[in-house]
Structures are given as C-alpha cells and as structure tokens.
Amino acid sequence: MLASLLLVALAGVVSAAPADLKARALPTPITAAVAKTYLSELTVAVDSNSPAYARSQFKTWDIISGTCDTRETVLKRDGTNVVTSSACAATSGNWVSPYDGVATTLASDLDIDHLVPLKEAWISGARDWTAAQREAFANDLTRPQLVAVTDNLNEAKSDKDIANWVPPLASYQCTYARAWVEVKHYYNLTIDSAEKTAITNILAKC
Ligand SMILES: *[C@@H]1O[C@H](CO)[C@@H](O)[C@H](O)[C@H]1NC(C)=O
C-alpha cells in the first residue's frame, strides 16, 4: 500500500497522494519532443580521456543550506517523511528508487547518482572546464542530474553512458533519456554516435 502510493507519487500524480506522501524526485526533465530537438543540436564527437579523468577533478558535495550538503538535500528531496539529525543525516524516511522501483526505509541503501556520470562529463567536454564549472555540474540541483537510487545500481552503472547502461525499470527509461539529453544540452557536452543511436531508440518509444 505504502509502496504503491509512493510509486503513484513518483509517476507524477502527486495530487492523488496525501500531503505527507508527496515524493519530490528529480526536477521534471524536458519532454520527449524537446529532447528530440535538443538531441539534434548536440555535437557528435568521439569521447576523449586525455588528460585522464580523476574523481578529484569534480568537487562534491557542497553545503546547500544550514548543515545540509548536496547529497543530504537530494535524500530529503527524493524521500517522504524524511527525518534528519542536527547534522542533516537522514535517520528515517521512505524512499522508492526510480531506477528499479525498489522501496526502502534506510538511507544507507541509497546512493546519489550523477545521472550523467562525472567521468562521462569529463570525456565529453568537462575536461576543458574550470574547477568551478565542474563543481557546479557535480552539485546541480536545478537540472535532472542528481537522483537517490538503490546503491548497488549506482555501482553497476558506474561511469557507463546511456548506450551501455539504462535503468532496469523499463518504464523509467524514457525519463532517463530525456534527463540525459537535457543535462548534456545545458552543459554543451558532446555525445558519441552509439549514445545518439541509443537515445534515438528510447525517445522513439516514449
Ligand atoms: C553553452 O554554450 C552556449 C553557447 O556558446 C553558452 O551561451 C552557454 O553559457 C554554455 N553553457 C554552459 C553551461 O556553459
């Protein structure tokens, strides 16, 4: 019952759920129609890992408000009934991971996924950015770029692009592709040809 209400909330029918069960997941991505236009505007290029990527090139997690950093802010945003300690650690709450539909009451079961992975950003353009631009990307709460998901999915995804990994919940793949295109487009990142094919195929089914 609880899980199904949360899934309804995640699907966007938030008005049907009681106020205390509203799930506020990642910012709603652009529509499939806009994503198709943006996709056609992206530069297709071969990825380059020269100079080589290192995680330390992207500073995480910034303090957003009070004692809460970006990671903790996303955990609060993406859950319902989230209770936090004075240090902003989530001590209880209800979450549904949108990538697989799995519900949990344990914040420790969740990772904050960079939807466009940091290494993927690096090899598709962020290698030319300033450190401040990379920090803004890694902590972006405005674009649909950060999402609380089951931790083992985040590990399975790792640095893979959308041609090599999509969320196992088929009904979420359209949202994922729309978000992927929005983020790449906003940040002027390139896509490789396999990525373009994969996105085109997903958007055709939206
Ligand atoms: C992307 O490129 C456009 C056009 O050159 C520029 O105006 C915009 O600021 C760039 N976006 C970012 C996030 O750097």
Side-chain angles (χ1 to χ4, degrees), residues 24-65 68-78 98-99 111-149 154 157-167 172-204 206:
R24 293 183 298 143
L26 83 180
T28 305
I30 54 174
T31 64
V34 173
K36 285 175 189 171
T37 302
Y38 280 14
L39 180 63
S40 71
E41 293 170 0
L42 291 174
T43 301
V44 179
V46 175
D47 293 332
S48 168
N49 193 27
S50 176
Y53 165 78
R55 181 73 171 68
S56 58
Q57 287 145 343
F58 292 80
K59 183 178 174 294
T60 59
W61 300 103
D62 291 347
I63 294 295
I64 301 298
S65 169
C68 301
D69 66 19
T70 316
R71 184 183 180 284
E72 292 157 341
T73 302
V74 173
L75 270 179
K76 281 208 289 187
R77 182 196 70 187
D78 288 3
Y99 288 1
D111 275 351
I112 306 306
D113 184 48
H114 285 94
L115 195 137
V116 173
L118 300 179
K119 183 178 181 185
E120 171 62 23
W122 178 265
I123 65 179
S124 63
R127 63 187 179 278
D128 296 326
W129 297 352
T130 64
Q133 285 174 305
R134 287 196 288 272
E135 180 176 354
F137 175 84
N139 293 274
D140 188 348
L141 292 165
T142 306
R143 262 60 55 183
Q145 161 66 355
L146 293 169
V147 51
V149 302
N154 183 243
K157 174 180 167 180
S158 183
D159 297 326
K160 296 187 183 80
D161 74 16
I162 194 168
N164 294 302
W165 193 92
V166 288
Y172 199 74
Q173 289 169 5
C174 179
T175 305
Y176 188 82
R178 286 155 48 209
W180 185 279
V181 172
E182 180 173 350
V183 171
K184 283 243 163 166
H185 189 271
Y186 178 79
Y187 286 99
N188 299 318
L189 296 169
T190 61
I191 50 170
D192 62 40
S193 56
E195 222 179 312
K196 184 162 189 172
T197 301
I199 295 166
T200 301
N201 290 339
I202 296 170
L203 291 180
C206 286

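This chain uses plain numbering: 1 for the first residue, then up along the sequence. All ligand and atom numbering here is 1-based and tracks the order in the structure.
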For the 3.5 Å polar cut-off, considering only N or O atoms, please tell me whether Asn188 and ligand 1 meet it.
yes

When you measure from the side chain of [X] to the backbone N and O of [Y], does any donor-acceptor pair fall under 3.5 Å?
{"X": "Ser124", "Y": "Asp47", "result": "no"}
{"X": "Arg134", "Y": "Ala126", "result": "yes"}
{"X": "Gln57", "Y": "Arg127", "result": "no"}

Against heavy atoms of Tyr186, which atoms of ligand 1 measure under 4.0 Å?
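Checking each atom against Tyr186, I get 11 (N), 12 (C), 13 (C).
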
Measuring to protein heavy atoms, does anything land under 4.0 Å from atom 2 (O) of ligand 1?
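Flag for atom 2 (O) of ligand 1 set to true, protein heavy atom closer than 4.0 Å.
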
Are any of the protein's heavy atoms under 4.0 angstrom from atom 12 (C) of ligand 1, yes or no?
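Protein heavy atoms within 4.0 Å of atom 12 (C) of ligand 1 - there is at least one.
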
Plane angle bin for Phe58 and Tyr53 - parallel if under 30°, tilted between 30 and 60°, otherwise perpendicular:
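Ring orientation, 0 to 90° scale: tilted.
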
